[in-house]
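Working notes for the structure below.
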Amino acid sequence: MDVRHLDLLRELADRGSITAVAEATHRTASAVSQQLKAAQRQAGMALVEHHGRGLRLTDAGRVLAEAGEEVSTAIAAAQARWDAFRAHPTGRVGLAMLPSAAAVLLPRTLRAAHAEGIELECHDADIAEARFAELTLDHDVVVAHSLSGPRPAGTEGLTVVPLAREPIDVALAADHPLAAAAEVTAAQAAECAWYGVPRDYPFDTVLQEIARAAGAELRVLQRLRDNRLMEALVADGSGLALLPRFTSPMTATTTLRPLADVDARRHISAIMRPDRAERLAVRRVLEALRDAGAEAEGRHGDGA
C-alpha cells in the first residue's frame, strides 16, 4: 500500500475537491486525478465516486483516508523521536494566530523559536470561530479562541492544546459614569449603547449573555472586528465595547471594568492536525506559547 496514496486520500477527505488538493500540494488537477486512479488500481476497488460536478470518497476511500491520518501521525512521531535523540528540532513551523492573542503570545514565542533554531512562518487571521479549524490544513499550529470551552467549534478530530484563559472586560471612556465603579452589572450595561463584533464571533456570545441577564435587548451601534478601532470609538464616549484584558491597555481616555454578573472569559487554544502535533519543532513552539500564556495570566489575572 503506497503511503503517498493514503496521504492523497486524506487530503481529498479534508479539502473536498481535486482542485483544492492540487492547489495545496502544488500539483495539477490532472496529476491528482492520475494518482487517484493509480490508488484505485492498487486497492482493487473504487475509492472515489462522482457527486454533482465533483468527486467524493466512497466508504472504501474513507477507510483508507482515515488510515492515511494514522500513518502520517506515526511517521511524525517517529521523526519526533529521532529529532529528540539528536536534540535538534527540524523544519519550519507555520503558525496562524488570532491577532489579539498573537499580540500577547507571539513575541515570546518568536524569541524561543529563534533560540531553538526553529523558523516560524507567521500569519494573522481574524475570522469566525468555526473557521479556525480549516486553517490547520495549511498551517502547523493555529491559535484560536472560544467562549464555550478550550475546544473551538468545528475542531473535532484535531489536537487541541489550551494556552490561556483571558477575561473579557467592558471598555468605556475614562470619564464615563460607569468608570467610577469597580465592576459593571448587566443591568447597567443594558442601559448603554454598544459597539459589537459580527454575530458569528465569540465575543457576541457575551453580549447575548448580558442581554439575557438584564432581560433587555442591547442597542448595538456598529459591528466591527478591529480592537484598536473599538478603543477609538469607546474613547469618544458614544458606546461601550468588549475587549480582551491582556492586550487592551487602560489609557488616559479609556479604561476597563470587569462584568459583575456575567462570566466573560475566553479560552485561547492551539489546534493542529494530529500528525503535525507530533513534530518536535511544533512541540517546542507549543511550549513557548503555553509559557507566554501563563506569563500573561500571571501579569493580568487569569479570570478564574
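Numbers here simply count residues along the sequence, with the first being 1.
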Can you confirm whether [X] sits close enough to [Y] that some side-chain heavy atom of one is under 4.5 Å from a side-chain heavy atom of the other?
X: Ser269; Y: Arg165; result: no
X: Leu158; Y: Val142; result: no
X: Arg266; Y: Phe203; result: yes
X: Val161; Y: Val141; result: no
X: Leu47; Y: Leu36; result: no
X: Asp7; Y: Val71; result: no
X: Arg265; Y: Ile168; result: no
X: Val184; Y: Pro258; result: no

Shortest non-hydrogen contact from [X] to [Y]?
X: Ala264; Y: Val206; answer: CB-CG1, 3.9 Å
X: Ser146; Y: Pro152; answer: CB-CA, 3.9 Å
X: Ser238; Y: Leu233; answer: OG-O, 3.7 Å

Do [X] and [Y] have a side chain donor and acceptor closer than 3.5 Å?
X: Asn227; Y: Glu231; answer: no
X: Thr185; Y: Gln188; answer: yes
X: Ser17; Y: Arg15; answer: no
X: Thr251; Y: Thr253; answer: yes
X: Glu121; Y: His123; answer: yes
X: Gln35; Y: His5; answer: no

query = Are Arg257 and Glu183 close enough for a salt bridge, meaning some N to O gap below 4.0 Å?
reply = no
query = Do any pairs count as a side chain to side chain donor-acceptor pair (under 3.5 Å) and have a residue in residues 167-182, sequence neighbours left out, and if so which ones?
reply = Asp169-Arg245
key: Shared hydrophobic cluster, Val262 / Leu147 (ILVMFWY, side-chain heavy atoms < 4.5 Å)   = yes
task = Show your working on side-chain contact (heavy atoms from CB on, under 4.5 Å) between Arg108 and Asp291 and close with a plain yes or no.
result = CA-CA 8 Å; Arg108 177 169 179 157; Asp291 289 345; 3.5 Å; yes
Does [X] reach the main-chain N or O of [Y] with its side chain, forming a donor-acceptor pair under 3.5 Å?
X: Arg276; Y: His139; value: yes
X: Arg273; Y: Ala277; value: no
X: Thr155; Y: Arg151; value: no
X: Trp194; Y: Gln222; value: no
X: Glu49; Y: Leu55; value: no
X: Arg225; Y: Val197; value: no

task = Kindly indicate, with the supporting measurements, whether the criterion side-chain contact (heavy atoms from CB on, under 4.5 Å) is fulfilled by Met230 and Asp226.
result = CA-CA 6 Å; Met230 292 281 201; Asp226 186 78; over 6 Å; no
query = Where do Leu242 and Tyr195 land on the side-chain contact (heavy atoms from CB on, under 4.5 Å) test, with the steps shown first?
reply = CA-CA 8 Å; Leu242 293 169; Tyr195 292 104; over 6 Å; no
task = Would you sort out whether Asp126 and Met97 count as a side-chain contact (heavy atoms from CB on, under 4.5 Å), showing the intermediate values?
result = CA-CA 8 Å; Asp126 193 359; Met97 302 186 75; over 6 Å; no
query = Hey, which of Asp275, Val93, Val285, Leu95 is the one that makes side-chain contact (heavy atoms from CB on, under 4.5 Å) with Asp140?
reply = Val93
query = Taking everything shown except Arg228 itself, do over 12 heavy atoms lie less than 6.0 Å from its CZ?
reply = yes
message = If you count every heavy atom of other residues, nucleotides or ligands that lies below 6.0 Å from Arg223 atom CZ, does the total exceed 12?
response = yes
